[in-house]
Q: 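Starting off with a structure, shown below.
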Amino acid sequence: MLQSVLSYVVYFTAIIAILSALNIEVMGLLAGAGIAGLAIGFGAQSLVKDVITGFFIILEDQFGVGDYIRLNTSSVAEGTVVEIGLRTTKILGTTGEQFIIPNGQITDVINFSVNNSKAIIDMQVGIEADIEAVEKLVTDYLKTLPNQFEELVGVPSFLGVQSVTGTEVTVRIIAETKPLQHYAIARVIRRDVKDILDKNGIPMAYPKMMLYDRGRGNADSGGENE
């Protein structure tokens with residue numbers, strides 16, 4: 001924001017200096033500009049709002065360059081802050097797009113870079129699986145992770161059975177990580193837990209389908225009636 005303000009000041013000063021060098025009456029122009037500026041000011045309320053909001057974003061440290069945020073503006077913008085200007089904020093999206101948001105439109109901000117993140121991993125095992133064996137295997141594995149990954153904050157927890165639906169049981173694991181590191185840790189845990197369960201003969205949940213032959217059923221019924 002300081003760079004943006006200095007740029008505007010330098011541009012204005014340079015224009016005044018050039019006009020003075022050309023022997024153009026600057027004071028008269030400034031007086032006229034003051035009157036015109038007053039008229040323009042009534043129609044530039046959004047610009048003033050952008051500038052004031054940008055100032056308070058910096059003053060209150062709501063977010064800074066390098067933070068990963070989500071803005072609930074007229075269209076949701078999410079990504080890494082690359083620039084906070086006097087009037088606009090620029091955000092680089094996860095797929096390379098750049099959002100340019102007027103500061104006055106920023107109302108709700110979700111900052112993902114301030115506090116630690118939490119990875120919540122749900123995995124489905126077969127209804128016939130030995131849950132006690134699953135808990136022991138997974139818990140022993142989770143204890144080894146802090147020594148392998150510096151992104152982790154403490155030992156992940158095996159919370160147990162989250163739900164039972166049809167032919168599957170959902171178990172939940174939760175891991176606290178440094179900001180924005182939960183996605184990578186969650187992928188590693190899912191991969192390793194699946195390998196551990198497969199090696200120990202514990203079935204993962206999979207959809208089961210039952211086929212019914214209507215024609216054969218009718219034929220059998222007819223035979224019994226005869």
Side-chain angles (χ1 to χ4, degrees), residues 57 60-73 75-82 84 89-99 101 106-209:
I57 287 174
E60 298 173 357
D61 195 23
Q62 297 178 15
F63 56 84
V65 174
D67 286 354
Y68 188 90
I69 65 173
R70 179 188 298 154
L71 301 179
N72 295 323
T73 57
S75 60
V76 177
E78 181 174 341
T80 303
V81 179
V82 294
I84 304 176
T89 293
K90 296 181 181 179
I91 300 173
L92 181 63
T94 54
T95 54
E97 68 276 20
Q98 186 175 79
F99 300 95
I101 311 295
I106 299 175
T107 54
D108 300 332
V109 181
I110 302 175
N111 193 332
F112 296 94
S113 300
V114 176
N115 300 316
N116 290 335
S117 302
K118 287 188 177 181
I120 299 176
I121 304 107
D122 288 340
M123 300 196 69
Q124 291 73 36
V125 297
I127 192 71
E128 66 277 13
D130 185 345
I131 300 301
E132 291 185 0
V134 172
E135 181 175 0
K136 184 179 186 309
L137 289 168
V138 174
T139 301
D140 291 343
Y141 158 72
L142 295 177
K143 291 178 181 177
T144 66
L145 292 179
N147 293 330
Q148 302 179 45
F149 301 98
E150 62 180 11
E151 297 88 351
L152 279 169
V153 179
V155 178
S157 302
F158 180 86
L159 299 185
V161 176
Q162 181 68 15
S163 64
V164 179
T165 306
T167 59
E168 65 183 36
V169 177
T170 301
V171 294
R172 173 166 291 184
I173 302 166
I174 188 168
E176 185 175 359
T177 71
K178 295 179 181 178
L180 297 177
Q181 300 301 314
H182 57 297
Y183 296 112
I185 292 297
R187 287 192 289 268
V188 171
I189 291 177
R190 288 192 187 95
R191 180 198 65 195
D192 292 348
V193 168
K194 182 185 183 303
D195 290 342
I196 290 171
L197 297 182
D198 287 344
K199 291 177 181 178
N200 286 272
I202 296 176
M204 301 296 295
Y206 61 91
K208 297 179 176 61
M209 182 179 295

Q: Determine the minimum heavy-atom distance between Asn116 and Lys178, stating which atoms define it.
A: OD1-CA, 3.9 Å
Q: List the residues meeting side chain to side chain donor-acceptor pair (under 3.5 Å) with Thr94, not counting sequence neighbours, and say none if there are none.
A: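 Expected list: none.
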Q: Return each pair, listed once, that meets salt bridge (Lys or Arg N to Asp or Glu O under 4.0 Å) where at least one residue sits in residues 161-172; pairs must be two or more places apart or across chains.
A: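 Listed once each, the pairs are Asp122-Arg172.
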Q: Once side chain to side chain contact (heavy atoms under 4.5 Å, CB included) is applied, do any residues pair with Glu132, and if so which ones, sequence neighbours excluded?
A: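 Side chain to side chain contact (heavy atoms under 4.5 Å, CB included) check on Glu132 returns Asp130.
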Q: In Å and rounded to the nearest 0.5 Å, what is the CD to CD distance from Gln181 to Glu176?
A: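 These two atoms lie 13.0 Å from each other.
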Q: Measure across His182 and Thr177 and return the closest heavy-atom pair with its distance rounded to 0.1 Å.
A: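 Minimum heavy-atom separation between His182 and Thr177: N-OG1, 3.2 Å.
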Q: Please list, chain by chain and in numerical order, all residues satisfying side chain to side chain donor-acceptor pair (under 3.5 Å) with Lys136, sequence neighbours excluded.
A: Asp140
Q: Could you go through residues 185-200 and list every donor-acceptor pair under 3.5 Å that involves a side-chain atom there, pairing it with any protein atom two or more places apart or in another chain?
A:
unit_1, atom_1, unit_2, atom_2, d
Asp192, OD2, Tyr141, OH, 2.7
Lys194, NZ, Asp198, OD2, 2.7
Asn200, ND2, Ile196, O, 2.7

Q: Output every pair passing ring pair (Phe, Tyr, Trp, His ring centres under 6.0 Å) with a member in residues 110-137, not counting sequence neighbours, ordered by first then second residue.
A: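 Matches after skipping sequence neighbours: Tyr68-Phe112.
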Q: How long is the span from the CD1 atom in Ile91 to the CZ atom in Arg70, to the nearest 0.5 Å?
A: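 If I round to the nearest 0.5 Å, the distance is 11.5 Å.
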Q: Which residues pass the side chain to side chain contact (heavy atoms under 4.5 Å, CB included) test with Pro203, sequence neighbours left out?
A: Glu128, Ala129
Q: I need the Thr170 OG1 to Gln162 CD distance, nearest 0.5 Å.
A: 7.5 Å
Q: Find out whether Ile69 and Ser113 are in side-chain contact, i.e. whether some heavy atom of one side chain is under 4.5 Å from a heavy atom of the other.
A: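 The answer is no; the side chains never approach within 4.5 Å.
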Q: Just so I know, are the side chains of Phe63 and Ile106 near enough to count as touching, which here means a heavy-atom distance under 4.5 Å?
A: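 Of all side-chain heavy-atom pairs linking Ile106 with Phe63, at least one is under 4.5 Å.
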Q: So, taking the atom named CE in Met123 and the one named CD1 in Ile173, what distance separates them when rounded to the nearest 0.5 Å?
A: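 Going from CE on Met123 over to CD1 on Ile173, the span is 7.0 Å.
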Q: So, the side chain of Ser117 versus the backbone of Leu180: is there a donor-acceptor pair under 3.5 Å, distance only?
A: yes
Q: Apply side chain to side chain contact (heavy atoms under 4.5 Å, CB included) to Ile57 and Val109, showing your working.
A: CA-CA 10 Å; Ile57 287 174; Val109 181; over 6 Å; no
Q: Could you list the donor-acceptor pairs under 3.5 angstrom formed by side chains in residues 146-159, with sequence neighbours left out?
A:
unit_1, atom_1, unit_2, atom_2, d
Gln148, NE2, Thr144, O, 3.3
Gln148, NE2, Thr144, OG1, 3.4

Q: Applying side chain to side chain donor-acceptor pair (under 3.5 Å), can you list everything that pairs with Glu135, at least two apart in sequence or on another chain?
A: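 Expected list: none.
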Q: Side chain to side chain contact (heavy atoms under 4.5 Å, CB included) for Val171 and Val138? Distances and angles first, verdict last.
A: CA-CA 10 Å; Val171 294; Val138 174; over 6 Å; no
Q: Nearest 0.5 angstrom please: Thr89 OG1 to Ile84 CD1, how far?
A: 5.5 Å
